[in-house]
Number of protein chains: 2
Amino acid sequence: MESDGNFHTLEYRDGALHLIDQRRLPGEESYIECRTEAEVADAIRTMVIRGAPAIGVAASYGMAIAAARSAEMSPSDQAAALDAAAEQLAATRPTAVNLFWAIKRFRAAARESGSTGKALAEELLELAHETHREDIAICRRIGDHGAALLPPGSSILTHCNAGALATAGYGTATGVIRSGFRDGKVSRVFVDETRPFLQGARLTAWELSRDDIPVVLITDNMAAYCMHLGRIGAVVVGADRVAANGDVANKIGTYGVAILAREHKIPFYVAAPLSTIDMDTPSGAGIPIEERSPEEVRRVGGELIAPEEVEVFNPAFDVTPAALVDGLITERGVVRLAEGESLSPLFEGSSAS
Amino acid sequence: MESDGNFHTLEYRDGALHLIDQRRLPGEESYIECRTEAEVADAIRTMVIRGAPAIGVAASYGMAIAAARSAEMSPSDQAAALDAAAEQLAATRPTAVNLFWAIKRFRAAARESGSTGKALAEELLELAHETHREDIAICRRIGDHGAALLPPGSSILTHCNAGALATAGYGTATGVIRSGFRDGKVSRVFVDETRPFLQGARLTAWELSRDDIPVVLITDNMAAYCMHLGRIGAVVVGADRVAANGDVANKIGTYGVAILAREHKIPFYVAAPLSTIDMDTPSGAGIPIEERSPEEVRRVGGELIAPEEVEVFNPAFDVTPAALVDGLITERGVVRLAEGESLSPLFEGSSAS
């Protein structure tokens, strides 16, 4: 499949899902092999792979693997195995909705298929490949729609990693950056390091550098000063879940960046596929926010950077209200919602796939 | 002298200035001994000691040490030695104005003293001790003035370390927290970890925990979400330099926190002694902002957290405009400036010491 800068975020071959281990980047480029749905679930939970669209594609392969592993069972046992796989995958991370979107898609496909056994397994593997290819094509469309918004030579700020590593390839926010750089719209990218997991420093800086896109790394708390200095022309981030009213859950810190951008009159854009929009959640208040281990804050790598017993609050996401979003960039174009409006028109005339 | 939680930020004994090595906290509590003004300058530059008031007191002892080391010289050679020490100390860090305040004070004292040689050295050492004692007394007054602003049981957010470790003891922002906790005004303190140097995680969380004040450590990018959740009642920070119009230079990230506080209608207070106010700088635009090594951002401890060659922007401070400051808490009380007003009335009827 697609590679950006000569790596694969995920690749299915020889009956296994191969994932680049994002916890070890940029120091080490190693791959993890998942041969069971439990291994896929584990890779999602421990953040070997992260990023809403990439999690969706990984879960798709997880469902296909479960179907293959149960191919010799009776149809009802295979159905039960798929139910169990769905449950296992769904229990990994609560916020990114692409996970649930993918699981739902695969359960529906299994239910609606006339096949069972090996034939069903083959159908679901083909659907996983299709989801994979689709994701890359969607990212390219998002990238082109987003690039069209930017004036030439823009300096972009991004937060976390909504890149090739967060998707099947190309990226959402990073897709906008890639298309923009290709078209002369983007000259330079300021990357928030994005504590505690450092996706910006470790992943975004790494993947953009490999594509020779000029990067300036900053700590999260430098964004406001960079805006004050006039160094940021636009902010582009990804999303983990977008509610029906346009509220956006994304990596912790996004909400603060959106407020700072508004204060400095800098446009704030969110790039996300339709699969990240959750029409069943009316507003951001209904999006579950994952809290992760205190150790992620107390330590960097192995190193303790705070008193060992200190209390920590470690929410992994926050919610940016739709009113702070100057444009939601999807594969179907750019939407800006006024108060009380809904994203539902985006899904008209489609099966919301 | 004063200890908080059983440590000394700085202590002069046996002809040497002993400094707790703040780069090694909280993992290791070790002390560095400075016997020459060059060693004091080095300790300031490498951030063995940091925090505007503490830097001022350390520089005071540096000048006293230079006088002692030149006590056997001719009066003109001793004066030249003091000039050289002043120059060396002044070249360490550009933003914190207490450094220049202390150097100016000691040069004036040396010039105005009738003494030379050993007698002058003794006078300057006494002045350094006085500066040290004064700083602690000032912090206590700041603490009491600040605590009076807070409603009972307040939850405070602080950024960086304006604590006992940033002063001769007790702290400025942390002084407000200590007095507030004693008086039932403060129930809990959210501490921004404060990348890249992690003064919040390493120093503030450590010193408050040692005083049994409840601490919750967060990464810098979580502050906005904590405010949104209603968990922050007030923000209290220190300052490295306050301009005549009330603009505040403080640790990078402070400006962003001030914008976020205003957005959430949370009062934002700055705690600083008069020695941090620079009446010679009309506004924040005139405050020099130190840029530090990219390695501070690329690495945490020894560990590389970003591509080795990635470009980094590492400003150590930013400027918060006076309009975002709901109160400047000094040893003479709390001031809130309207646009176009100056801090000069604070210095009336004093020698601005």
Side-chain angles (χ1 to χ4, degrees), chain A residues 26-27 159 190-196 198 200-202 205-206 209-210 214-229 231 251-260 262-263 289 294 297-298 300-315 317-319, chain B residues 26-27 159 190-196 198 200-202 205-206 209-210 214-229 231 251-260 262-263 289 294 297-298 300-315 317-319:
Chain A
H159 186 74
F190 283 78
V191 175
D192 279 349
E193 66 175 3
T194 319
R195 279 280 289 149
L198 294 164
R202 297 191 303 104
W206 179 78
S209 297
R210 282 174 74 125
V215 166
V216 181
L217 178 64
I218 58 174
T219 62
D220 300 299
N221 58 24
M222 292 172 189
Y225 184 57
C226 291
M227 290 179 183
H228 166 77
L229 292 175
R231 300 204 187 167
K251 181 50 54 195
I252 186 72
T254 303
Y255 168 55
V257 173
I259 292 170
L260 297 174
R262 179 60 54 90
E263 172 78 13
I289 300 296
V297 173
R298 286 192 204 118
V300 176
E303 183 151 0
L304 196 64
I305 58 152
E308 194 143 18
E309 301 302 327
V310 74
E311 187 180 332
V312 163
F313 178 48
N314 184 17
F317 304 95
D318 58 26
V319 175
Chain B
H159 186 74
F190 283 78
V191 175
D192 278 350
E193 66 175 5
T194 318
R195 279 280 289 149
L198 295 165
R202 296 192 303 103
W206 179 78
S209 298
R210 282 176 73 125
V215 165
V216 181
L217 178 65
I218 58 174
T219 63
D220 300 300
N221 59 23
M222 292 173 189
Y225 184 56
C226 291
M227 290 179 184
H228 165 77
L229 292 175
R231 299 204 188 168
K251 181 50 54 194
I252 186 72
T254 304
Y255 169 55
V257 173
I259 292 170
L260 297 175
R262 179 61 54 91
E263 172 77 13
I289 300 295
V297 173
R298 286 192 204 120
V300 176
E303 183 152 0
L304 196 63
I305 57 151
E308 194 143 16
E309 301 301 328
V310 72
E311 186 181 333
V312 164
F313 179 47
N314 184 17
F317 304 94
D318 58 26
V319 175

Check: Of the listed residues (A/Gly253, A/Gly27, A/Gly200), which shares the most heavy-atom pairs with chain B below a 4.5 Å separation?
Finding: A/Gly253

Item checked: Part of A/Leu304 within contact of chain B (heavy atom distance under 4.5 Å) -> neither

Check: If you count heavy-atom pairs under 4.5 Å between each of A/Met227, A/Met222, A/Arg202 and chain B, which one has the most?
Finding: A/Met222

Margin query: If you count heavy-atom pairs within less than 4.5 Å of chain A, which of B/Ile289, B/Val319, B/Leu229 leads?
Written below: B/Ile289

Next item on the list: Sort out for me which of B/Glu309, B/Glu263, B/Arg298 touches chain A most, counting heavy-atom pairs under 4.5 Å.
Entry: B/Glu263

Note to self: Using every non-hydrogen atom in the two residues, find where A/Ala223 and A/Asp192 come nearest and quote the distance to one decimal.
What the structure shows: CB-OD1, 3.9 Å

Next item on the list: Could you tell me which of B/Asn314, B/Val191, B/Ile259 has the largest number of non-hydrogen atom pairs under 4.5 Å with chain A?
Entry: B/Ile259

Margin query: Is the positively charged end of B/Arg231 above the ring of B/Tyr225, judged by distance under 6.0 angstrom from the centroid and angle within 45° of the axis?
Written below: no

Notebook entry, point to check: Given that the side chain runs from C-beta out, which part of B/Asn221 has a heavy atom under 4.5 Å from chain A: side chain, backbone, both or neither?
Noted result: both

Next item on the list: Between chain A and each of B/Val216, B/Thr194, B/Asp318, count heavy-atom pairs under 4.5 Å; write down the option with the most.
Entry: B/Val216

Item checked: Toward chain B, the part of A/Pro307 with a non-hydrogen atom under 4.5 Å -> both

Check: Where do B/Ile252 and B/Pro315 come nearest, in terms of heavy atoms and distance?
Finding: CB-O, 3.5 Å

Notebook entry, point to check: Checking heavy atoms, do the side chain of B/Arg262, its backbone, both or neither come under 4.5 Å from chain A?
Noted result: neither

Item checked: Interatomic distance, A/His228 atom NE2 to B/Tyr255 atom OH [nearest 0.5 angstrom] -> 6.0 Å

Check: Which residue out of B/Glu193, B/His159, B/Glu308 racks up the most heavy-atom pairs below 4.5 Å with chain A?
Finding: B/Glu193

Notebook entry, point to check: Checking heavy atoms, do the side chain of B/Ile305, its backbone, both or neither come under 4.5 Å from chain A?
Noted result: both

Next item on the list: Would you mind checking which part of B/Val310 comes under 4.5 Å of any heavy atom in chain A, side chain (CB onward), backbone (N, CA, C, O), both or neither?
Entry: side chain

Notebook entry, point to check: Which pair of heavy atoms, one from A/Ala224 and one from B/Gly256, lies closest together, and at what distance?
Noted result: CB-CA, 3.6 Å

Notebook entry, point to check: Are side-chain heavy atoms of B/Asp220 and A/Arg195 found at a separation under 4.5 Å?
Noted result: no

Notebook entry, point to check: Between A/Thr254, A/Val215, A/Ile218, which residue shows the highest count of heavy-atom pairs closer than 4.5 Å to chain B?
Noted result: A/Val215

Notebook entry, point to check: For the candidates B/Cys226, B/Pro214, B/Ala205, B/Pro294, which exhibits the highest count of non-hydrogen atom pairs separated by less than 4.5 Å from chain A?
Noted result: B/Ala205

Note to self: Using every non-hydrogen atom in the two residues, find where B/Ala201 and B/Leu217 come nearest and quote the distance to one decimal.
What the structure shows: CA-CD1, 3.7 Å

